[in-house]
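Okay, so here's the structure we're looking at.
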Amino acid sequence: MNPAVVQFVSRFWVFGAFAVWAGALLGFGVIRLDTFGLEEGSARALLLNWAVSDNLINTVLTMGLPDFRALLFVPVGMYWAGNMLAAKILTLGIGFFGVALLYRWASSLVGSEAALVASALLVVSPALIGQIDALGAGPFLILGFALGVWLDKAYRANPGYFGGWYFCQVLWIGVLVTLHPMALAYPAALAWRWLKHPDERKTRRHMFVGIAIATTLALVLTRGWSDIGWLGNPIKALGNATMGGVQMSADDVRWFIGTLVAGMGLLLLVLARKKLTTDFGGTMLVLSIALGSIAADGAWATLVIALVLYFGVERLISINQMYGKRSFIGQRGLLTVIVFLTCTWFMVEAKAHAAAITLEILSPQDELIRLLGVEASHKDRPFRAASQWPGRSMLVAKRDVFPLPPASLEKEELRKALKGLTHMAFDPFDKRYKPLADKLADMVESTETLALQKGGVLLATRDNTVKLELRAPVPEVAPAAAAPKADNDTTPSATETK
């Protein structure tokens with residue numbers, strides 16, 4: 001073969017692989033192209049970019065600053081405002097090339113063969129596909145951690161007090177910390193690495209100062225992680241991740257699969273503790289899993305599954321080689337069987353994911369948001385809603401949606417706030433909104449329940465004379481027409497009588 005062709009293929013094969021992989025996911029309908037199924041953080045990031053591009057009112061005024069995904073969604077907002085396909089393709093690229101960088105890091109830790117097999121399994125795993133479909137934080141964190149390892153090597157190769165690589169690391173810390181609590185693993189692992197392996201004392205001091213400033217500013221500007229659900233069940237998060245994040249019902253949870261993945265993760269952490277604790281990327285991965293366990297969700301489950309794949313494949317190869325046989329079955333037979341079964345399982349879950357999208361099966365929260373969108377579909381009626389998920393609700397309703405009133409308001413203040421709203425959507429069983437639900441329950445004269453579902457409650461305010469689509473229609477009784485008076489009738493009519 002022509003050497004030039006070989007060089008071209010070896011250099012750009014990753015782009016061809018990405019095109020085939022992304023085309024397959026989009027072509028087989030595994031990626032949802034409507035506005036449902038998104039994370040609240042990604043919805044707010046998209047709204048900010050689309051609002052700026054269309055010269056609309058900035059959503060920062062009502063919803064606050066979004067996380068760092070808003071920076072990466074800038075090209076989508078500039079050239080394809082309102083196009084969900086463009087946002088999904090961008091996230092597909094971020095997820096794929098993040099795994100490609102993860103492969104380069106893992107090759108030095110578990111071997112190139114194990115890293116290649118694990119990376120191939122990761123890009124077809126329901127967890128990563130589900131996070132890409134939701135524009136979740138998982139793909140961004142994978143790319144961020146892999147780039148963090150590369151930035152650390154680049155800065156140590158070109159040390160300087162306030163050089164370009166220094167500011168790149170500090171900026172990257174601020175970018176990642178806004179995404180998820182487990183992103184704190186990056187500044188923590190970086191500080192630990194500089195504490196144990198410093199190049200110069202002055203450089204270490206500057207690094208500590210930069211880490212502290214970047215982390216603090218990121219938390220202050222974005223007010224922490226207001227959209228993260230704290231103290232979630234890790235087993236439930238792992239079980240849902242194996243289904244791609246799409247639940248056929250609210251009670252459809254894979255407890256057995258979640259427990260199995262959690263047990264494998266703990267076992268591999270113990271077996272590979274030396275490799276993980278002596279490597280910067282491994283330390284960051286362990287810390288991210290530990291920190292993210294207090295806010296377990298799809299992004300956290302994706303990193304746990306990545307750990308199981310990379311270090312699990314390495315263990316399978318070593319177990320297979322213990323037989324000492326030189327045949328293919330003796331060397332890689334066990335690995336081949338496990339990989340085949342895993343790929344079949346992932347394919348079945350991807351097919352179920354595509355079927356759920358085709359059948360328009362939504363999560364309980366999205367079902368509630370869909371009902372809010374039905375109310376907003378009547379353009380001739382006033383609509384101004386407050387939602388627990390204002391970003392997602394605004395994308396679906398395409399009308400004014402604001403965050404919920406503070407639960408600390410007194411009843412009279414809350415009653416005044418309701419006069420400017422027509423609808424409210426939230427989960428009354430959420431601990432954060434339980435005080436608000438209790439106050440609204442005592443204000444039956446101001447609100448009316450339109451729908452009570454597993455995802456939450458949809459209320460309408462009585463202070464606004466709005467004919468609601470979901471409310472049972474009340475037949476209007478026309479007033480009786482006044483009978484015409486005879487010429488000789490001098491009795492005054494009802495309208496003439498005061």
Side-chain angles (χ1 to χ4, degrees), residues 17-18 20-26 28-32 37 39 88 91-103 105-106 110 114-143 145-146 182 234-247 253-254 256-265 268 285 288-289 292 296-316 335 337-357:
F18 164 69
V20 173
W21 172 73
L25 292 181
L26 293 172
F28 288 115
V30 184
I31 301 298
R32 185 186 293 273
E39 286 189 359
K88 293 295 178 73
T91 311
L92 282 167
I94 289 172
F96 185 86
F97 290 103
V99 174
L101 288 177
L102 201 64
Y103 159 75
W105 161 74
V110 299
L116 181 61
V117 174
S119 299
L121 291 174
L122 183 58
V123 294
V124 296
S125 65
L128 183 62
I129 294 175
Q131 278 290 290
I132 291 173
D133 193 24
L135 303 181
F140 298 90
L141 287 173
I142 289 176
L143 178 66
F145 288 159
M182 61 182 173
I235 305 299
K236 183 178 179 180
L238 289 171
N240 291 342
T242 60
M243 297 186 293
V246 177
Q247 294 175 255
V253 180
R254 304 276 182 88
F256 174 75
I257 297 296
T259 304
L260 179 62
V261 175
M264 293 173 62
L268 291 171
L285 182 60
S288 65
I289 293 175
D297 56 5
W300 174 82
T302 303
L303 288 184
V304 174
I305 292 174
L307 170 74
V308 171
L309 289 176
Y310 281 100
F311 291 93
V313 170
E314 180 200 18
R315 288 290 168 179
L316 281 176
L335 176 65
V337 171
I338 297 299
V339 169
F340 176 78
L341 294 176
T342 304
C343 288
T344 304
W345 172 31
F346 287 174
M347 181 184 65
V348 171
E349 294 297 340
K351 185 177 180 180
H353 191 127
I357 295 174

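- Side-chain contact check for Leu92 versus Trp21: some heavy-atom pair is nearer than 4.5 Å.
- Nearest approach of Ile235 to Ala262, heavy atoms of both residues: CD1-CB, 3.6 Å.
- When side chains are defined from C-beta on, Gln131 counts as touching Glu39, because their heavy atoms get closer than 4.5 Å.
- The side chain to side chain contact (heavy atoms under 4.5 Å, CB included) test with Leu238 is passed by exactly one of Val308, Thr259, Val304, Ile257: Val304.
- Taking all atoms of both residues into account, the shortest heavy-atom contact from Ala301 to Ala237 is CB-O, 3.7 Å.
- Closest approach of Glu349 and Pro126 over heavy atoms only: CB-CG, 3.6 Å.
- In terms of heavy atoms, Ala299 sits closest to Gly138 at CB-N, 3.6 Å.
- Side-chain contact check for Val313 versus Val110: every heavy-atom pair is 4.5 Å or farther apart.
- In this structure the side chain of Asp133 never reaches within 4.5 angstrom of the side chain of Val30, judged on heavy atoms.
- At a threshold of 4.5 Å between non-hydrogen side-chain atoms, the residues Tyr103 and Leu122 do not count as touching.
- Closest approach of Pro139 to Thr91, counting heavy atoms only: CG-CG2, 4.3 Å.
- Ring pair Phe97/Phe18 is tilted by interplanar angle, where 30° to 60° counts as tilted.
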Criterion side chain to side chain contact (heavy atoms under 4.5 Å, CB included) on Val99 and Leu128, from CA distance to verdict: CA-CA 10 Å; Val99 174; Leu128 183 62; 3.9 Å; yes

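- Within the 3.5 Å criterion, the main-chain N or O of Leu116 finds no donor-acceptor partner in the side chain of Ser119.
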